[in-house]
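Proteins get letters first, then strands, A, B, ... in listed order; numbering begins at 1 in each.
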2 protein chains.
Amino acid sequence: MTEKFPEIRNLALFHDISTQSFETLTRAAYVQTYPPSTELITEGDAPDFLYVVQAGAVELFANWAHRETSMWTVWPQSTFILAATVKNRPYLMSGRTLCKSRVVLLPSADVRNVFETDGAFAKAIVTELANGYRGAIKNSKNLKLRSSLERLANYLLTCYRQCDKAPRFLLEAQKSRLASNLGMTPENLSRALNGLKKYGVAVDGQSVELTDIKALTDFAQPSLLIDDDTPFF
Amino acid sequence: MTEKFPEIRNLALFHDISTQSFETLTRAAYVQTYPPSTELITEGDAPDFLYVVQAGAVELFANWAHRETSMWTVWPQSTFILAATVKNRPYLMSGRTLCKSRVVLLPSADVRNVFETDGAFAKAIVTELANGYRGAIKNSKNLKLRSSLERLANYLLTCYRQCDKAPRFLLEAQKSRLASNLGMTPENLSRALNGLKKYGVAVDGQSVELTDIKALTDFAQPSLLIDDDTPFF
DNA sequence: ATCTAAGTATGATAAACATCAAGACAACTC
DNA sequence: GAGTTGTCTTGATGTTTATCATACTTAGAT
């Protein structure tokens, strides 16, 4: 008997669970492809589904008092909104597609069900939540300990590391969204990019070139305890 | 046969685990009482122990580039540094006692061991991590969406709610530490408390009186998706 | 009671950051 | 090619927040 949704079977979250558990999780699940700028979830809503991004990208953002901030972007193959799902509490963030995106929706009641019965699933959830938790703490440290210029410099160095230390790379995102991610306004980002020129940062459109890694690193003082975004730290 | 450390047996984290698991966890554990201002853990260090605060209080803080920020305070009966322990990754925060404190230290190798073998423990860890994760996300939203005056106003209203809506209460902490928690300088906190006078905030030393809850609420616009600090949201 | 130290408050100033308005630029459409 | 749209940049200005210097207040020690 073949399992439904073989694409997500190999995610760390589902890799070690039993066939029966996977059946339960996927029995009432479905795949959906959404156009760009579609709001998939809204903060405050009850968590009906656990989401898995298979293709495209989903931006998580939050609102308060007519203000909005971008929290982070979910790329394939990752889940989002796991904590709300297992706790059965309202979403803390909203999510919208950035581009045409294929998403798997797993009913959250089934997720909680399997969580209760399958120890391997509980263990996988622990790993996922611990990663997310540590990422969120790093984010708070970044916001509280650094100026916006310092956050930007460290962001660029993180991109550089993720590109296998290629000195040229493309910004992953629209600049206005990048600004919001970094906790600043688009105008301020524009000026900050200029302000990093003296550390060898050259920007042309989406393209960035870092011509003096040492100078930029000396200024940014990256730390594994803030900037490492791999789940291994 | 009686179990060691009956005091912590009833914590949510240990409540449902087997007697054998609890034995394993506590076999090499020990209790220690520390004087005030003792640094228990240092960010970057390997997670040797999972800590449980039994009495007193422990401040978690972080450093970067000769700056320091207070993250939050751990009160009895709570654990701290759980995510680092289960993932076996370096601490992201340092911790020091605020006053004379009694702490239980559980060897983190044993914690990971029991986590692997006892499904009930894994489930309890999920709940704890999900609470912490959501708390950290609320913290980021608070920092990114609000000014320091708005954060302070919401903090005071949170205290008010936690005191069963008594209009007078004492600030839990030294003002300089409260300022750091809220992401501002002590001077700015002092001025901000003055700035909230027009919304009925009267401060005398550690004592706060809120004389116009409606005005303060109208200004602060508290949100369950940011300010609710109970694990139930 | 006086001294000290730590915490807090206040004033002056500067830096960081946001806002508003206008312009530049590229990618599309017609 | 002219116009449209969306995004980004730049400049002027104002607000928020941090920094520095100093004074005050309180609790504890001598």
task: Please work out whether the ring planes of A:Tyr133 and B:Tyr133 are parallel, tilted or perpendicular, with thresholds of 30° and 60°.
output: parallel
B:Phe219 and B:Tyr199 aromatic ring geometry - parallel, tilted or perpendicular at 30°/60° bounds: parallel
message: Donor-acceptor check, side chain of A:Lys175 to backbone of A:Gly205, threshold 3.5 angstrom: yes or no?
response: yes
statement: Going 5' to 3' through nucleotides 5-18 of chain D and flagging B where a protein heavy-atom sits under 4.0 Å of the base, S where only the sugar-phosphate is that close, and - otherwise, we get --SSSBBB----SS
- prompt: Would you say the side-chain atoms of A:Glu59 and A:Ser70 include a donor-acceptor pair closer than 3.5 Å?
  reply: yes
message: Rounding to an integer number of Å, can you tell me how far B:Leu143 CG sits from C:dA18 P?
response: 13 Å
message: Both conditions, 6.0 Å and 45 degrees, for the charged tip of A:Arg102 above the ring of A:Tyr34: are they met here?
response: no
